[in-house]
Amino acid sequence: MNAMELLDSGTATLAVVRDGAVVLQKNGRGIAPALALYDERPALLQGTEVYDTIVGKAAAAIYVLGGVRAVHAHTMSRAAQELLAAHGVRTSCRTLAEALINRAGTGLCPFEQAVLPIREAEACLP
């Protein structure tokens, strides 16, 4: 099963691909899998392609800091796409959203809202 098939089937919410092979897959809600990966094994991200179900600007910052070369998503916010592109990271997504909405549907995702005005990836992490 390739990385996008893992996401499509619900087997994983995040998959890391190196040299065409899935080297890690994680499950979780929101930004948690990306943040855990960056905290626990940041070197694993260097030079990889990441497949993630939803990528907002906060996750994009994690991927930039981790040194990924491409991010593929089911849904990506425009702010995430712009941050990744500004750092030379290739992107693709099925749905490009103007903004990511919180789970209750009442406003912006709290992580997206927290980092939206920030320009540098390093400043998004705290």
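Values in this document were obtained by computation on a predicted structure and should not be read as measured data. FYI, the numbering just counts along the sequence from 1.
Listed here is the closest heavy atom pair of A121 and A61: O-CB, 3.8 Å. Taking each heavy atom of A123 and P126 in turn, the nearest pair found is O-CD, 3.5 Å. Taking all atoms of both residues into account, the shortest heavy-atom contact from V55 to A73 is CG2-CB, 3.7 Å. Between A114 and P117, the closest heavy-atom pair is O-CD, 4.0 Å. Shortest non-hydrogen contact noted between A15 and A3 is CB-CB, 3.9 Å. Scanning both residues, A12 and T53, for their nearest heavy atoms gives O-CG2, 4.5 Å.
Side-chain contact between K26 and L37 is present, with heavy atoms from C-beta onward closer than 4.5 Å. Side-chain contact between H74 and I54 is absent, with no heavy-atom pair separated by less than 4.5 Å. At a threshold of 4.5 Å between non-hydrogen side-chain atoms, the residues T75 and L100 count as touching. Using a 4.5 Å cut-off on side-chain heavy atoms (C-beta onward), Q81 and L96 make contact. At least one side-chain heavy atom of L116 sits under 4.5 Å from a side-chain heavy atom of L108.
Its side chain within the 4.5 Å cluster rule, L7 clusters with M1, M4, L6, V17, V22, Y51 among the Ile, Leu, Val, Met, Phe, Trp and Tyr residues.
A salt bridge is absent between E82 and K57: the closest approach of a Lys/Arg side-chain nitrogen to an acidic carboxylate oxygen does not fall below 4.0 angstrom. A salt bridge links R94 with D8: at least one charged nitrogen is closer than 4.0 Å to a carboxylate oxygen.
A continuous path of ILVMFWY side-chain contacts below 4.5 Å connects L84 to I31, so both sit in one hydrophobic cluster. In this structure, V64 is a member of the same hydrophobic cluster as F111, with clusters built from ILVMFWY side-chain heavy atoms closer than 4.5 Å. Hydrophobic clustering keeps L35 apart from V115 (ILVMFWY residues linked when any side-chain heavy atoms are closer than 4.5 Å, directly or through intermediates).
Here the side chain of S9 pairs a donor or acceptor atom with the backbone of T11 at under 3.5 angstrom. Put simply, the side chain of N102 never gets that close to the backbone of P110: no donor and acceptor are under 3.5 Å apart. Side chain of R69 to backbone of G47: a donor-acceptor contact under 3.5 angstrom is found. In terms of modelled atom types and a separation under 3.5 Å, the side chain of Q46 and the main chain of A43 share no donor-acceptor contact.
Applying the 6.0 Å contact sphere to CG of D19 captures no more than 12 heavy atoms from other residues, nucleotides or ligands.
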Requested in this report: Dump the intermediate steps for side-chain hydrogen bond (donor to acceptor under 3.5 Å, both in side chains) on E112 and S77, then the final yes or no.
Outcome: CA-CA 9 Å; E112 187 88 349; S77 73; 2.8 Å; yes
Residues T91, M76; criterion side-chain contact (heavy atoms from CB on, under 4.5 Å); working and verdict: CA-CA 9 Å; T91 64; M76 183 179 293; 4.0 Å; yes
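Within the model, atoms CG of L83 and CZ of R119 stand 11.5 Å from one another, a figure rounded to the nearest 0.5 Å.
In terms of the salt bridge (charged side-chain N to carboxylate O under 4.0 Å, His left out) criterion, R18 has no residue partners (sequence neighbours excluded). For Y38, the side-chain contact (heavy atoms from CB on, under 4.5 Å) criterion is met by P42, L45, I62, L65, L125, not counting sequence neighbours.
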